[in-house]
Amino acid sequence: MQRIIAGFLAGLSFGAGLAIAGMGNPLKVQNFLDVSGNWDPSLAFVMGGAIMVAFPFFQLARKLPRPFMADDFKMPTFQQIDKPLVLGSAVFGAGWGLIGLCPGPALLSVSLLTPQALVFVGCMTAGMMLARYVAGVMVKRRMNAA
């Protein structure tokens, strides 16, 4: 139960920060990316502020034997930059730039019942399901080829 409460409070804090910073507004992102037009640097300040708050905690986490609310740290071990990573990053970036939403702000906007966010989250969910399916098919093909 403590993990659920801690997760809820962390999500609530994250969502409140996004709302206060105005990051639920897709125009913030689109104007940040429009460097030759109506450029809005506020997204850089939000990112910078988030990094300044998170950095000391990441440093602390490296020194802890285990997390406070879990049995162990779930750190990624795969360090290679490969085609799926580059392609996935490009698709994510293109979608982010075109629509002005990424998953966190999109969920914030869904809570406000913004039609654009409802469509985005529906498509994002379908994309995640499709990606999981495709990854499973690829694993099966590799197993059959070996």
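FYI, the numbering just counts along the sequence from 1. Source: prediction; values computed, not measured.
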Task: Leu130 atom CG, over 12 foreign heavy atoms within 6.0 Å - done: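 Counting neighbours around CG of Leu130, more than 12 heavy atoms of other residues, nucleotides or ligands fall under 6.0 Å, so yes.
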According to salt bridge (Lys or Arg N to Asp or Glu O under 4.0 Å), does anything in [range] pair up with another residue at least two apart or in another chain? List the pairs.
range            : result
residues 96-122  : none
residues 119-145 : none
residues 71-85   : Arg3-Asp71, Asp72-Lys74

Open item on the list: Do Met138 and Tyr133 land in one hydrophobic cluster if side-chain heavy atoms of ILVMFWY residues count as linked below 4.5 Å?
Closed with: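 Linked, Met138 and Tyr133 end up in one cluster.
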Task: Leu98-Val29 co-clustered via ILVMFWY side chain contacts under 4.5 Å - done: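 No; tracing contacts between hydrophobic side chains, which count when under 4.5 Å, never links both residues.
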Task: Hydrophobic cluster (4.5 angstrom, side-chain heavy atoms) - remaining members for Val110 - done: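 Taking Ile, Leu, Val, Met, Phe, Trp and Tyr as members, Val110 shares its hydrophobic cluster with Ile99, Leu101, Leu107, Leu118, Phe120, Val121, Met124, Met128.
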Open item on the list: If we ignore hydrogens and angles and just use 3.5 Å, is the side chain of Ser109 paired with the main-chain N or O of Ala117 as donor and acceptor?
Closed with: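 Judged by distance alone, no pair lies under 3.5 Å.
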Open item on the list: Taking the side chain as everything from C-beta on, heavy atoms only, tell me whether Pro26 gets closer than 4.5 Å to Gln116.
Closed with: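 In short, these two side chains touch, coming nearer than 4.5 Å.
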Open item on the list: Are Leu108 and Met23 packed together at the side-chain level, in the sense that at least one heavy-atom pair is separated by less than 4.5 angstrom?
Closed with: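 No; the side chains remain at least 4.5 Å from each other.
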Do any side-chain atoms of residues 31-41 form donor-acceptor pairs under 3.5 angstrom with protein atoms, and if so which ones, sequence neighbours left out?
from  : atom 1 : to    : atom 2 : distance (Å)
Asn31 : ND2    : Leu27 : O      : 3.3
Asp34 : OD1    : Gly37 : N      : 3.1
Asp34 : OD2    : Asn38 : N      : 3.3
Trp39 : NE1    : Phe32 : O      : 2.8
Asp40 : OD1    : Ser42 : N      : 3.1
Asp40 : OD1    : Ser42 : OG     : 3.0
Asp40 : OD2    : Ser42 : OG     : 3.2

Donor-acceptor contacts, no H, no angles, side chain residues 55-69, under 3.5 Å, sequence neighbours left out:
from  : atom 1 : to    : atom 2 : distance (Å)
Arg66 : NH1    : Ala70 : O      : 2.4

Task: For Phe92 against Pro103, the heavy-atom pair lying closest together - done: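 Looks like CE1-CD, 3.6 Å.
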